[in-house]
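A short write-up of the structure that comes next.
Just the heavy atoms: all of them, side chains too, but no hydrogens, waters or symmetry mates, feed the values below.
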Amino acid sequence: MSLAEVQNAISEKKICVLIPTYNNEKTLNRVIDGVLNYTGSIIVVNDGSTDSTPQILTQYPQITIISLPENKGKGNALKTGFREAKKSGYDYAITIDSDGQHYPDDIPVFAEALLQEKEEVLLIGNRNMSQDGIPKKSSFGNRFSNFWFWFETGIKLQDTQSGYRLYPLHKIPKKYFTPKFEFEIEIIVRTAWRHVPVKNVPIKVLYDPAERVSHFRPFKDFTRISILNTILVTITLFYIIPRNFLNNFKKKSFKKFIQEDVLESDGSNRTKAFSIALGVFIGLSPFWGFQTLLVISLSVLFKLNKVLAFVASNVSLPPFIPFIIAASLFLGAPFVSGNSDILSQDLNFELIKNNLLQYIIGSFILSTSLSALAGVASFLFLNKVSPENN
């Protein structure tokens, strides 16, 4: 794109550039000057800098400057900038770090990618993390973040930690729970949960130890990120996946749902059969309260079909629970000299409590047997209705 085309795109799409900064006096001038080559729609959030940043910013009366009295973290600075951008009438914000690692001349990459999209999208700059000079801890941290983002959203990206991004201001969440570096993980995950596409675009990156000042605290920030991912994974397993599954089911006829989400879903017939077998095993096993967490986690671990495994795990529906309890107690009785005369007693949780070992052993026998049966039957059925070419 020519410079004029980039400037027109920025104006047409109502894009501003948001620069959060904290004690980056060595590189701040260069970043702002570079952005000014493309647009004057700039918002700088000075996050309580204690160096010469305030004096540097006095050189730019033509841009919007927000000065926070004390440093509260990058996440807080971004939230402040987003509020100002929306109030000023912008629809999108390109965020660029002020430490010099990002090249302002990559702004056209975001503008051109946005023009090609038919819907609102969140774009993340994809850095070449294998190039010389990239710290190993940064490369590892990015791979770590990519994995959990995929687990939490189902979207595979090559770079989820780059701060060079384009945000759709009216699609991102309005409230957040994290104030520092982990904010950039929270916002992309929760935006993806709102069914907004999240994509990578190629950008350049520069790591110059002589100029770059990083405020990332390895132990504290990694701990905060790990806690956040634990919370996000829990929400994914217990709310997002069931919600998406039910939404897909409601949007389609039963026949279409089976055809598209089950029979034509990813994986061979063998994989699908193993997925069903796993679901039945977990659904009948005594993992009360953890069945969804286990079945999804194991499906991801063994690369099985999460949808099929989740559906099959619901084999223990309330109407079937008395029969499952009775069968488990009956099968477990010979192994612990337990009471096999269960038909003469009320089938309830008190009965399980009084015969707990008998129930646990029997439930594992039942779950193993029926999961094997379900797996074999599913494999034969799938091969009949959707045969694979060997």
Side-chain angles (χ1 to χ4, degrees), residues 1-21 24 27-46 56-57 59-66 77-128 155 157-160 162-174 184 187-188 191-192 194-206:
M1 297 178 70
S2 67
L3 177 59
E5 289 174 327
V6 174
Q7 292 172 336
N8 287 337
I10 291 173
S11 176
E12 175 189 335
K13 290 293 186 178
K14 298 181 180 179
I15 302 172
C16 71
V17 177
L18 173 58
I19 309 174
T21 187
N24 285 129
T27 53
L28 183 57
N29 271 122
R30 187 173 78 230
V31 173
I32 296 177
D33 290 342
V35 174
L36 282 171
N37 289 329
Y38 298 94
T39 180
S41 300
I42 301 174
I43 299 174
V44 175
V45 180
N46 175 15
I56 293 172
L57 292 177
Q59 304 171 26
Y60 301 97
Q62 71 274 40
I63 68 177
T64 301
I65 298 171
I66 301 174
L78 288 171
K79 286 184 280 187
T80 301
F82 290 150
R83 286 194 297 267
E84 179 63 28
K86 290 174 69 175
K87 187 173 70 173
S88 299
Y90 295 109
D91 291 334
Y92 296 91
I94 295 176
T95 59
I96 181 171
D97 291 345
S98 62
D99 60 3
Q101 69 164 297
H102 299 148
Y103 288 81
D105 62 14
D106 276 327
I107 287 176
V109 174
F110 290 93
E112 185 172 8
L114 181 60
L115 288 177
Q116 294 174 354
E117 293 292 333
K118 296 181 180 179
E119 58 185 332
E120 293 193 90
V121 64
L122 193 160
L123 301 175
I124 301 176
N126 179 20
R127 302 162 294 175
N128 179 8
I155 300 173
L157 296 179
Q158 294 179 296
D159 193 344
T160 53
S162 171
Y164 209 169
R165 302 176 176 185
L166 180 142
Y167 290 99
L169 294 172
H170 300 289
K171 291 293 184 178
I172 58 177
K174 295 181 179 179
E184 290 183 295
I187 189 171
I188 61 172
T191 300
R194 296 161 72 96
H195 307 294
V196 176
V198 181
K199 301 180 180 181
N200 277 142
V201 292
I203 62 168
K204 303 181 292 295
V205 65
L206 171 67

At their closest point, which heavy atom of [X] faces which heavy atom of [Y], and how far apart are they?
X: Ile203; Y: Ser162; answer: CD1-OG, 3.8 Å
X: Ala113; Y: Leu123; answer: CB-CD1, 3.7 Å
X: Pro108; Y: Met1; answer: O-SD, 4.1 Å
X: Pro20; Y: Leu78; answer: CG-CD2, 3.9 Å
X: Pro168; Y: Tyr92; answer: CA-CD2, 3.6 Å
X: Ala192; Y: Val198; answer: CB-CG2, 4.0 Å

Rounded to the nearest 0.5 Å, how far does [atom2] of [Y] lie from [atom1] of [X]?
X: Ile32; Y: Ile19; atom1: CD1; atom2: CD1; answer: 5.0 Å
X: Thr39; Y: Ile15; atom1: OG1; atom2: CD1; answer: 8.5 Å
X: Arg30; Y: Tyr103; atom1: CZ; atom2: OH; answer: 8.0 Å
X: Gln158; Y: Thr160; atom1: CD; atom2: OG1; answer: 11.0 Å
X: Leu18; Y: Tyr167; atom1: CG; atom2: OH; answer: 9.0 Å
X: Asp105; Y: Asn37; atom1: CG; atom2: CG; answer: 9.0 Å

Quick check against the 3.5 Å criterion: does [X] have a side-chain atom that pairs as donor or acceptor with the backbone of [Y]?
X: Asp159; Y: Asn200; result: no
X: Thr95; Y: Gly163; result: yes
X: Arg165; Y: Glu184; result: yes
X: Asp99; Y: Gln101; result: yes
X: Thr27; Y: Ser98; result: yes

Legend entry - Stepwise side-chain contact (heavy atoms from CB on, under 4.5 Å) check, Ile10 with Phe110: CA-CA 10 Å; Ile10 291 173; Phe110 290 93; over 6 Å; no
Legend entry - Option from Val201, Leu166, Leu114 for which side chain to side chain contact (heavy atoms under 4.5 Å, CB included) with Val109 holds: Val201
Inset, instruction - Compare all side-chain heavy atoms of Thr191 with those of Pro173 and state whether any distance is below 4.5 angstrom. - result: yes
Inset, instruction - May I have the step-by-step check of side-chain contact (heavy atoms from CB on, under 4.5 Å) for Ile187 and Phe82, ending in yes or no? - result: CA-CA 12 Å; Ile187 189 171; Phe82 290 150; 3.7 Å; yes
Legend entry - Glu112: partners by side chain to side chain donor-acceptor pair (under 3.5 Å), with sequence neighbours left out: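 Not a single residue meets the side chain to side chain donor-acceptor pair (under 3.5 Å) criterion with Glu112.
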Inset, instruction - Give the ring-plane orientation class for Tyr164 versus His102, where under 30° counts as parallel, over 60° as perpendicular and anything between as tilted. - result: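 Rings of Tyr164 and His102: parallel, under 30°.
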Inset, instruction - If a pair satisfies salt bridge (charged side-chain N to carboxylate O under 4.0 Å, His left out) and one of its residues is in residues 80-92, list it, with sequence neighbours excluded. - result: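 Counting only pairs at least two positions apart or across chains, the salt bridge (charged side-chain N to carboxylate O under 4.0 Å, His left out) contacts touching residues 80-92 are Glu84-Lys87.
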Legend entry - Pairwise side chain to side chain donor-acceptor pair (under 3.5 Å) hits with a residue in residues 6-20, at least two apart: none
Inset, instruction - Could you walk me through whether Leu57 and Leu28 pass the side-chain contact (heavy atoms from CB on, under 4.5 Å) test, one step at a time? - result: CA-CA 9 Å; Leu57 292 177; Leu28 183 57; 3.9 Å; yes
